[in-house]
Amino acid sequence: GSPAARHLEQVERLAPNQPELLLLLVRAWKLEGSLKNESRVLAALEQVSRTPSASGQVFLDLGIIYERRKQWEKAGDAFR
């Protein structure tokens with residue numbers, strides 16, 4: 001992974017479950033352009049989606065991942 005992603009991963013281990021940090025990690029993983037982190041991205045987005053910090057982008061990204069995984073019902077819920 002990128003140096004930024006590696007650094008953020010280390011910080012997240014020290015301060016887990018911080019929605020703002022998870023969103024930064026998601027951005028770093030997405031910038032890497034690889035699907036190897038898709039499960040981690042999905043887990044982070046699902047966690048953030050249950051907080052007041054959730055934005056429309058969180059739900060859009062969730063919907064896209066669910067579509068790619070052919071989880072149509074979850075995708076529909078995320079897009080609402």
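Worth knowing before you read on, the calculation uses all heavy atoms, side chains too, and leaves out hydrogens, waters and symmetry mates. In this chain, numbering begins with 1 at the start of the sequence shown.
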- Message: Strictly distance-based, threshold 3.5 Å: is any side-chain N or O of Gln18 a donor or acceptor partner for the main-chain N or O of Glu12?
- Response: no
Sequence neighbours left out, cut at 3.5 Å: what donor-acceptor pairs do the side chains of residues 55-62 make with other protein atoms?
unit_1 : atom_1 : unit_2 : atom_2 : d
Ser55  : OG     : Gln57  : N      : 3.4
Gln57  : NE2    : Asp61  : OD1    : 2.8
Asp61  : OD1    : Lys30  : NZ     : 3.2
Asp61  : OD2    : Lys30  : NZ     : 2.8

- Rounded distance (nearest 0.5 Å) linking atom CZ of Arg6 with atom CD of Glu9: 8.5 Å
- Task: Quick one: closest heavy-atom pair of Gly63 and Ala75, and the distance?
- Result: O-CB, 3.7 Å
- Message: Distance check, rounded to the nearest 0.5 Å: Phe79 atom CZ versus Tyr66 atom OH?
- Response: 11.0 Å
- Does Ile64 belong to the same Ile/Leu/Val/Met/Phe/Trp/Tyr cluster as Val26, with side-chain heavy atoms less than 4.5 Å apart forming each link? no
- Within-4.5 Å side-chain heavy-atom neighbours: Trp29 and Glu38: no
- Where is the tightest heavy-atom contact between Leu21 and Ala15, given as atom of each residue plus distance? CD2-O, 3.9 Å
- Task: To the nearest 0.5 angstrom, please state how far the CG atom of Leu22 sits from the OG atom of Ser49.
- Result: 11.0 Å
- Task: Would you kindly confirm whether Leu23 and Val11 end up in one hydrophobic cluster when ILVMFWY residues are joined by side chain heavy atoms under 4.5 Å apart?
- Result: yes
- With sequence neighbours excluded, residues passing salt bridge (charged side-chain N to carboxylate O under 4.0 Å, His left out) with Glu46: none
- Give, for atom CZ of Arg27 and atom CG of Leu8, the distance between the pair rounded to the nearest 0.5 Å. 10.5 Å
- Here the gap from Lys74 atom NZ to Arg69 atom CZ, rounded to the nearest 0.5 Å, amounts to 9.0 Å
